[in-house]
Novice: 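First the structure, which I've put down as structure tokens, then a few questions once you've had a look.
Counting starts at 1 for both ligands and their atoms, following the listed order.
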Amino acid sequence: MKICSLSILGLIFSASAFAQQPSLENIAASELPSLLAIYKDIHSHPELSGHEEQTSALVAKELRAAGCEVTENFGKYDKPNLKCYGVIGVMKNGDGPTVLVRTDMDALPVHEETGLPYASNVTTKNDEGRDVPVMHACGHDAHMSAFIGTARALQRLKDQWSGTIIFVGQPAEEAIGGAHALLRGGLYNRFGKPAFALGFHDKADLEIGHIGVTEGYTYANVDSVNITVHGIGGHGAYPHKTKDPIVLSAEIINALQTIASREDNPLDPIVVTVGSIHGGTKHNIIPDEVKMQLTVRTYKSDVRERVLGAIDRIAKGCAIAAGIPADRAPTVDVLKDEFVPATYNNPDLTKRLVAVWKKVLGPQNVDMVDPTMGGEDFSEYSLPDHSIPAVDFHIGAVDPAKIAEFKKAGKELPSLHSSKFAPVPEPTIRVGIVGMTSAVLELMKK
Ligand SMILES: [Zn+2]
Ligand SMILES: [Zn+2]
């Protein structure tokens with residue numbers, strides 16, 4: 001009889017313990033109203049890359065309130081006068097692995113045309129001193145809200161995990177250099193090298209409620225290349241007395257297309273785009289030079305080396321064919337500071353997290369998505385040799401009815417960076433919290 005009443009007591013106790021232990025979904029739901037207010041606040045006060053002063057202060061305040069030990073203004077840019085607004089929040093909970101969770105914080109020089117009540121009216125001066133509008137057109141505001149929600153959820157679920165979480169509020173993702181600045185500032189020396197790194201990004205063509213992920217390469221190596229084609233200028237009426245760099249540039253541009261079509265293994269995706277070309281001042285003057293700017297996208301390091309080598313060889317070879325003297329060969333500069341390494345989602349880690357997400361969101365809400373040739377400096381956290389297993393996953397941000405409507409009309413949905421891009425905030429933030437928190441719990445479970 002006694003035993004029986006004890007077990008009833010036990011049952012009552014465990015039932016009440018269960019009642020005090022809300023599910024991750026419930027925690028996310030309970031945090032959403034306040035996170036939505038934070039989202040709208042950040043959305044209507046966007047700041048450009050490298051200028052995230054107010055935004056980083058807000059992220060720091062919220063991480064502190066969620067129980068993190070916070071370091072502000074962390075990181076070191078190559079430009080010594082540029083202050084770095086990195087925020088690092090450390091949440092310690094006994095022994096166990098260290099896991100890095102990253103959000104980006106910067107906005108873009110875009111004039112918002114969403115018509116939302118909380119749309120941005122902000123204008124500011126850019127680094128060149130020009131007045132520009134500012135908008136969170138890439139959804140980093142949603143990332144920050146989900147990131148804060150994740151910190152709150154993990155604080156509330158501390159009995160389910162152990163170890164150290166490093167929450168990283170990263171500046172200057174759009175301008176590239178933010179992640180690099182944090183590592184250059186000693187992120188891993190000071191706060192410890194993580195066993196895993198996790199990031200997320202909203203996706204402008206994935207429906208709300210879904211997580212999307214790619215196994216292996218998900219974003220490309222990004223190289224910026226400047227080519228100066230030198231010629232010998234003169235009168236437009238006497239071409240025989242000149243070496244025309246405009247005709248030569250046209251040859252080079254066409255020849256560059258053969259890198260993808262003839263030199264590259266078709267199974268290794270690459271892109272060589274000439275995005276800018278400037279030369280000459282007037283109809284009847286053959287200029288001395290033409291300047292071109294290229295973006296080059298690859299996945300594998302050896303492919304990258306080959307493509308960059310081919311660009312150099314083709315530019316110089318075309319100049320030889322055009323009779324340009326050796327001392328006026330084209331100058332080909334690969335801009336080291338602007339390089340972004342490819343983002344590689346560790347296959348084992350991806351599989352492990354996909355299994356978790358299928359459990360928490362339902363298998364129908366987890367999509368394997370194609371990689372893109374876009375760039376993302378989240379890649380920096382896994383180090384050049386990908387020795388820190390990392391996953392950067394997508395969060396659905398679009399109402400399925402809107403996807404259907406645009407598809408029916410044969411129109412493209414507003415993409416990331418569009419003045420009309422507007423994620424549906426609640427479900428985007430909610431799935432961000434559930435996806436990120438469940439991933440961390442999987443990696444740090446007791
Ligand atoms: Zn972006
Ligand atoms: Zn972005």
Side-chain angles (χ1 to χ4, degrees), residues 39 42-43 46-52 55-56 59 85-87 101-114 120 122 126-127 132-148 150 168-182 197-206 211-214 218-222 224 271 273 275 295 297 338-343 345 369 371-381 390-398 412-425 428-429 431-432 435-436:
Y39 172 76
I42 301 175
H43 188 85
E47 293 175 299
L48 289 180
S49 308
H51 302 273
E52 305 87 347
T55 313
S56 62
V59 170
Y85 290 109
V87 180
V101 175
R102 176 265 214 172
T103 183
D104 32 22
M105 304 191 291
D106 50 337
L108 288 155
V110 172
H111 173 64
E112 179 157 358
E113 294 179 309
T114 59
S120 161
V122 172
N126 69 6
D127 289 342
V132 290
V134 194
M135 173 188 175
H136 269 295
C138 203
H140 298 186
D141 45 357
H143 306 168
M144 283 180 267
S145 310
F147 172 86
I148 292 163
T150 299
V168 174
Q170 184 205 304
E173 188 278 326
E174 298 290 359
I176 297 307
H180 191 69
L182 299 184
L198 301 173
F200 48 18
H201 204 296
D202 58 355
K203 191 161 164 53
D205 56 2
L206 184 65
I211 278 181
V213 71
T214 308
T218 181
Y219 297 110
N221 287 308
V222 181
S224 297
V271 176
T273 293
T295 188
R297 312 290 172 114
E338 296 194 12
F339 169 61
V340 183
T343 302
N345 283 343
V369 301
T372 79
M373 300 308 277
E376 173 46 274
D377 71 357
F378 173 76
S379 52
E380 299 271 3
Y381 299 106
V391 166
D392 195 11
F393 60 94
H394 304 284
I395 310 162
V398 194
E412 289 288 334
L413 286 157
S415 64
L416 296 177
H417 293 202
S418 158
S419 59
K420 295 188 173 64
F421 173 63
V424 191
T428 307
I429 296 167
V431 171
M436 186 59 90

Novice: Quick check: does C138 have an N/O/S atom under 2.8 Å of the Zn ion (ligand 1)?
Specialist: yes

Novice: For the Zn ion (ligand 1), find the closest N/O/S atom belonging to E174 and write down its atom name.
Specialist: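 Among the N, O or S atoms of E174, the one closest to the Zn ion (ligand 1) is OE2.
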
Novice: Hey, does H417 have a side-chain heavy atom less than 4.5 Å from the side chain of L108?
Specialist: yes

Novice: Assess the side chains of D104 and H143: does a donor N or O sit below 3.5 Å from an acceptor N or O?
Specialist: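 On atom types as modelled, these side chains qualify, holding a pair under 3.5 Å.
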
Novice: Which angle, to the nearest 10 degrees, do you find at the Zn ion (ligand 2) between NE2 in H201 and NE2 in H140?
Specialist: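 With the Zn ion (ligand 2) as the vertex, NE2 (H201) and NE2 (H140) sit 120° apart.
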
Novice: From H140 NE2 over to D106 CG, what is the distance, rounded to the nearest 0.5 angstrom?
Specialist: 5.5 Å

Novice: Could E376 and R102 be called an ion pair, given the rule that one side-chain N must be under 4.0 Å from one carboxylate O?
Specialist: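 Answer for the salt bridge query: yes.
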
